[in-house]
Number of protein chains: 2
Amino acid sequence: MNNISKEDYLSVIFKFQNRNGEIRPKAIAQKLQVTQAAVTDMLKKLAIDNYILYEKYKCIRLTPSGEEFAINMVRRHRIWEVFLQKVVGMPWDKVHEEAHKLEHSSSDDLINRLEVLLRYPEFDPHGDPIPSKEGKIPKIKKYLPLSDLKEGESGTVVRVNDFDEQFLNYLTELGISLYEIILVKEKRNFDNSLMIQIKGKQWNISQKLAENIFIEIKKVKGA
Amino acid sequence: MNNISKEDYLSVIFKFQNRNGEIRPKAIAQKLQVTQAAVTDMLKKLAIDNYILYEKYKCIRLTPSGEEFAINMVRRHRIWEVFLQKVVGMPWDKVHEEAHKLEHSSSDDLINRLEVLLRYPEFDPHGDPIPSKEGKIPKIKKYLPLSDLKEGESGTVVRVNDFDEQFLNYLTELGISLYEIILVKEKRNFDNSLMIQIKGKQWNISQKLAENIFIEIKKVKGA
DNA sequence: TTTATAATTTAAGCAGACTTAAATAAAAAA
DNA sequence: TTTTTTATTTAAGTCTGCTTAAATTATAAA
């Protein structure tokens, strides 16, 4: 009856697979905060359901039907996120967690109706693309982690990682949100921390933080 | 972690308790479509959690904390129903089932925000009152089942039972919805079926159907 | 009051999704 | 290549919410 766990496993596999479509069991365990034994257990079941290809000690990959399933879960999640931000006015940093609960408890019909209500949004509040009903995923613009920018470069925030509420909260404090323009004033080599400018204010941020903010570069000073 | 079952049990106990606040285990089993053994099992757990008063072979009743919990579940359910109908435009007969899933997966914060968005609705699409954040339940107008009306009597639909999708679907076909006016043209004694008039059309309906529609009487012919 | 019927509980067991601890395989380091 | 470390799997067991079947208690009928 209850598919919540399977849904979560498939979402995580989809979201964190590498460019070759593969993922290690350990990564799944870390993302879901369960033991590796639990993962092994579930992987066997998912393989029986024909959602994944599974061979002992090998990397996991989704079957076409597993991918379809996972993409639909991602779609649900992101449509709920847009809804929660745009219609309900829920703050940025709360949206992910709430959507995570709702994604397991809504019919496809409801999701499709929300999509219409929201006028077919292409990206969620963190800049992640929303798959269409048919499973097509909007192309996202090329972007770099903010940590890759050099001194003097600037660009637009097009995506941020969404898995940490505290992180998003901190971004809000700094005034960093989607489509804001950030300029790298200084970059310190010894710890890779950055001095950035946003909305006329300057902030010092760690490399760690900068790695989770993604930028579309607009212009390069002196290039 | 997962409270879905407990939430369902408490909701059912609240919704189907009699005027004295009591309910039999068997009724719970029927409403939830589980065996009575499962109910006994859960009742013990609910008693340990101090949500109900439970003595073997006796009627069940909610404790104050159980009632508070249950009222909050009812609130969630009904706010979702209003939302699904008013904002999403989901048809009457689909709303109950969808809300039933969502009620278990939303934070109080989200429910409160939806309530504001909907401008503090007092009744759900089936005419059931929506408890406030503080647990206060709006007074509902006095009403009778349509089956109690006599020939020539008419009144306004103020509530319908919401637990059967087919039933609601049928009401839609007949043009029966909240706040419509129904006139009883004829009542046949042998099967208690009724000939009713609504929106200028006449329909013959069974007693069973009429028992699930609730009417606030407007005027009595010849009284 | 006794008997029959219905409601409730107990007992045993199952399935799902976990856990810990031990065993095994693969990858990395020496 | 051998050793060490890390990843993965297996085994055994837990907890929750159910099930069926049997036993018990309460209620209604005779």
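Just so you know, these numbers come straight off a predicted model, no measurement behind them. Here is the naming used below: chain letters follow the sequence lines, and residue numbers restart at 1 for every chain.
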Task: Pair A/Phe83-B/Phe83, ring-ring contact (aromatic ring centres under 6.0 Å, His included): steps then yes or no - done: CA-CA 13 Å; A/Phe83 168 80; B/Phe83 167 81; 5.2 Å; yes
- [ ] Return the value, rounded to whole Å, for the distance between atom CE of B/Met42 and atom C1' of D/dC18.
- [x] 9 Å
Open item on the list: Regarding A/Ser5, tell me which of base, sugar-phosphate or nothing describes its non-hydrogen contacts under 4.0 Å with the strands shown.
Closed with: sugar-phosphate
Open item on the list: Whether B/Lys56 contacts C/dT9 is assessed here as follows: a side-chain N or O lying under 4.0 Å from the phosphate OP1 or OP2. Is that the case?
Closed with: no
Task: Any B/Thr35 side-chain N or O less than 4.0 Å from OP1/OP2 of D/dT19 - done: yes
Task: Spacing between B/Glu7 atom CD and D/dT16 atom P, to the nearest angstrom - done: 16 Å
Open item on the list: Please determine whether a side-chain nitrogen of the Lys or Arg among B/Lys45 and B/Asp49 lies less than 4.0 Å from a carboxylate oxygen of the Asp or Glu.
Closed with: no
Open item on the list: Tell me which one of B/Glu97, B/Lys94, B/Lys101, B/Glu98 satisfies side chain to side chain donor-acceptor pair (under 3.5 Å) with A/Ser107.
Closed with: B/Glu98
TODO: Send over the distance from A/Arg24 CZ to C/dA28 P, rounded to a whole Å.
DONE: 9 Å
Task: Polar contact flag, side-chain donor to acceptor under 3.5 angstrom, A/His126-A/Glu81 - done: yes
Task: Nucleotide D/dT8, atom P - distance to CD1 of A/Ile60 in whole Å - done: 8 Å
TODO: Send over the distance from A/Lys44 NZ to C/dA15 P, rounded to a whole Å.
DONE: 16 Å
TODO: Report the distance from atom CG of A/Leu43 to atom C1' of D/dA7, rounded to the nearest whole Å.
DONE: 13 Å
Open item on the list: Taking B/Arg76 first and then B/Asp108, would you say they form a salt bridge - that is, a charged N and a carboxylate O separated by under 4.0 Å?
Closed with: yes
Task: Out of C/dT10, C/dG16, D/dT10, whichever nucleotide has its closest atom nearest the side chain of A/Ala37 - done: D/dT10
TODO: State whether A/Lys45 places a side-chain N or O below 4.0 Å from either non-bridging phosphate oxygen (OP1 or OP2) of C/dA17.
DONE: yes
Open item on the list: Distance check needed: D/dA11 P versus A/Asp41 CG, whole Å only.
Closed with: 12 Å
Open item on the list: Just to be sure I understand the rule, does A/Lys58 reach a base, reach only the sugar-phosphate, or reach nothing, if contact means heavy atoms closer than 4.0 Å?
Closed with: nothing
Open item on the list: Go nucleotide by nucleotide along DNA chain C from the 5' end; which of A/Tyr57 and A/Gln36 gets its closest nucleotide reached first?
Closed with: A/Gln36
- [ ] Please state how far atom CD1 in B/Ile28 lies from atom P in D/dG17, giving the value in whole angstrom units.
- [x] 15 Å
Open item on the list: Side chain of A/Ala38, heavy atoms from C-beta onward: which of C/dT19, D/dG17, C/dT8 has the nearest atom to it?
Closed with: C/dT19
TODO: Ignoring backbone atoms, establish whether B/Tyr54 has a side-chain N or O less than 4.0 Å from OP1 or OP2 of C/dT8.
DONE: no
